[in-house]
Amino acid sequence: MFETLPGFRDFPPEACSRRNHLFRVFRTVARAFDFKEYDAPILEPLDLYVEKSGAEIVGQLFHFMDKGDRPVALRPELTPSLARMVAAQGNSLPKPIKWFNLGEHFRYERPQKGRGRSFYQFNADLLGEINVSADAELIGLLVAIFETLGMSSNDFRIRLSDRATWVSLLNGLGVSEQALPAVLNAIDKSGRRKPEQTMESLNEAIPDQGESLWQEIQNIKKIDSLDALAKRLGTLGSEADALIHQWEEMLSFLSAHGAKEYISIDLSIVRGLAYYTGFVYEAFEASGEGRALAGGGRYDHLVQKLSGNVDIPACGFAIGDMTLSDCLESKGLLPNYVLAPDLYLVCGEEQKKSGISLVSVARKGGFSTSYSFKMVGFGKQFKEAGKSGARYALILGTEEADSKRVKVKDLRTGAEEVISQNSLVEKLEEFDATGGITT
RNA sequence: GCGAUAGUAGCUCAGUUGGUUAGAGCACUGGUUUGUGGUACCAGGGGUCGCGGGUUCGAAUCCCGUCUUUCGCCCCA
């Protein structure tokens with residue numbers, strides 16, 4: 001027997017329909033925000049990812065040499081492909097660019113709760129706009145997706161932070177430009193590491209000041225309101241005014257989006273990646289347990305880094321399907337879908353062929369229809385009709401066939417009505433419009 | 001890559017100090033039923049007990065290895 005590779009999943013119909021439910025919501029809400037769907041290759045040159053993330057990334061990729069001796073990798077993320085695409089079309093694209101994608105991604109990592117080697121991600125990015133209203137639009141989209149999936153403010157929260165604020169605060173603490181990436185990285189990890197480990201990392205970045213810096217960082221991480229932030233920034237002069245203004249703008253835009261109730265100001269969010277430049281955020285289940293449901297932020301210089309010539313500001317976020325499915329399931333928000341036809345044909349052996357012709361008419365009229373492939377009795381066929389979950393049985397015996405009619409039985413109410421075969425589709429639509437057949 | 005946990009039918013699980021032909025429920029298929037359905041009753045199919053080796057007269061059971069699952073570490077784009 002063969003099994004799926006570790007970290008990969010099969011999707012039999014029920015699981016597939018649950019997955020497609022997520023996809024449907026992603027697409028519908030993204031369109032409501034006027035984001036355009038795009039796609040990119042699943043297989044890319046290995047260097048595309050090395051360029052962005054460094055050589056260490058290779059160990060976490062599915063990669064191999066193709067038959068033309070090209071080093072290639074299954075995509076672990078979409079941003080580099082997006083940057084290439086945007087850069088290729090350069091300045092000819094009207095701004096802002098609002099694009100989204102829904103696709104499978106691959107990472108060669110140890111499978112764990114909420115993390116596999118193959119997973120689906122919804123990516124939304126907004127490029128060519130520097131104003132915070134763009135960042136707010138994306139968080140608005142994220143919130144709208146979660147709300148459409150049935151979650152409320154009791155179910156999830158978005159922790160909002162700002163890299164620019166961190167950079168100013170750290171500058172104020174005497175952290176040099178060169179040491180910044182390492183310090184930010186240590187801050188990002190500090191939430192899931194022992195304090196000693198963080199201090200060690202900080203000492204490496206800034207010799208002998210790790211301990212005092214760690215004290216300050218812990219204080220900053222506790223900031224959870226605009227007032228507290230303003231107080232802390234107060235010592236920085238005019239730079240502080242600009243930062244506070246950005247925060248105020250952001251929060252008032254989020255209010256306008258109806259997203260404010262989901263937002264927690266939380267400076268402990270930094271995100272591991274070096275390329276974030278502005279607001280960053282992560283969505284979590286309300287209890288704070290588990291992996292992030294989604295994450296994103298502003299990355300104003302990444303496109304230039306990857307493309308070499310086109311400089312375009314950008315922000316975006318991604319939602320992974322595994323943590324989200326787990327979360328929705330635990331809240332009973334992933335209903336089991338009934339994959340049922342609308343109609344089921346019940347007929348005598350003599351009427352099989354004309355029955356299938358009738359089925360063909362119903363199908364063209366938009367009604368999903370099944371029938372038994374075997375010659376079995378009426379009783380058996382009714383049993384199968386019931387099991388199929390169909391709303392109506394189409395009954396075609398000698399009585400009906402002789403008079404070019406067909407009996408329609410509402411399998412929920414048990415009521416029946418004999419109608420002309422010519423009017424099948426229109427009568428079925430009528431039955432559905434009035435809530436079925438009643439006696 | 002490291003540590004822990006588990007693996008018996010499609011699913012959930014029994015299986016005695018090692019002892020005859022490995023079981024149950026659900027699911028599936030067929031029948032009771034050749035014009036009225038999901039119930040009921042009856043029957044059936046389906047297992048190299050994860051895989052490989054070892055101990056033993058005899059292994060689902062004990063030992064070793066290996067693969068896979070789940071959880072944690074590392075990492076988390």
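Quick note on labels: first sequence line is chain A, next is B, and so on, each numbered from 1. Not measured: the values here are computed from a predicted model.
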query = Do A:Phe8 and A:Phe62 have their ring centres less than 6.0 Å from each other?
reply = yes
ask   = On a plain distance test, is the side chain of A:Lys409 in donor-acceptor contact with the base of B:U36 below 3.5 Å?
value = yes
inquiry  = Quiz question: going by heavy-atom distance under 3.5 Å, is there a donor-acceptor pair between the base of B:U34 and the side chain of A:Glu349?
reply    = no
task = Classify the nucleic acid contact of A:Ile395 as base, sugar-phosphate or nothing, counting any heavy atom under 4.0 Å across all strands shown.
result = base
request  = With A:Lys409 as the cation and A:Tyr344 as the aromatic partner, state whether NZ or CZ is under 6.0 Å from the six-membered ring centre and within 45° of the axis.
outcome  = no
ask   = Contact class for A:Lys374 (heavy atom, under 4.0 Å): base, sugar-phosphate, or nothing?
value = sugar-phosphate
Stacking check A:Phe382 vs B:G37 (5.5 Å / 30 deg) = no
key: Interatomic distance where CD1 belongs to A:Ile437 and P belongs to B:G37 [whole Å]   = 17 Å
request  = Flag this pair as yes if the NZ/CZ of A:Arg412 is under 6.0 angstrom from the six-membered ring centre of A:Tyr392 and inside a 45 degree cone about the axis; otherwise no.
outcome  = yes
query = When Watson-Crick pairs (N1 to N3 and N6-O4 or O6-N4) and G-U wobble pairs (N1-O2 and O6-N3) count only below 3.5 Å on both distances, what is the dot-bracket string of RNA chain B, with | for other-strand pairs?
reply = ((((.((..((((.....[...)))).(((((.......))))).....(((((..]....))))))).))))....
inquiry  = Could you check whether A:Phe26 and A:Phe100 have their ring centres less than 6.0 Å apart?
reply    = no
ask   = Within the structure shown, what part of the strands sits under 4.0 Å from A:Gln121 by heavy-atom distance: base, sugar-phosphate, or nothing?
value = nothing
inquiry  = Could you tell me how far apart A:Lys387 (NZ) and B:U36 (P) are, to the nearest whole angstrom?
reply    = 18 Å
task = In whole angstrom, give the distance that lies between atom CD of A:Glu400 and atom C1' of B:G35.
result = 9 Å
ask   = Tell me: NZ of A:Lys383 to P of B:A40, nearest whole Å?
value = 10 Å
ask   = Going 5' to 3' along nucleotides 70-77 of chain B, which nucleotides have protein heavy atoms under 4.0 Å from the base (write B), which only from the sugar-phosphate (write S), and which from neither (write -)?
value = -SSBBBBB
message = Nearest heavy atom decides the nucleotide; on that basis, is A:Gly414 or A:Lys380 closer to the 5' end of RNA chain B?
response = A:Lys380
query = Any donor-acceptor pair under 3.5 Å joining the side chain of A:Glu416 to the base of B:G35?
reply = no
ask   = Does A:Arg117 make a cation-pi contact with A:Tyr108, if we ask for NZ or CZ under 6.0 Å from the ring centre and within 45° of the axis?
value = yes
Acceptor/donor pairs from residues 345-355 of chain A side chains to any protein atom, 3.5 angstrom cut, sequence neighbours excluded:
residue	atom	partner	partner atom	Å
A:Gln351	OE1	A:Gly348	N	3.3
A:Lys352	NZ	A:Ser372	O	2.5
A:Ser354	OG	A:Gln351	O	3.2

message = Would A:Arg159 and A:Phe284 count as a cation-pi pair here, with the cationic atom under 6.0 angstrom from the ring centre and within 45° of the axis?
response = yes
ask   = Between A:Gln121 and A:Asn123, is there a donor-acceptor pair closer than 3.5 Å when you use the side chain of the first and the backbone of the second?
value = no
request  = Given side chain to side chain contact (heavy atoms under 4.5 Å, CB included), test A:Leu74 with A:His63 step by step and report yes or no.
outcome  = CA-CA 6 Å; A:Leu74 290 171; A:His63 67 96; over 6 Å; no
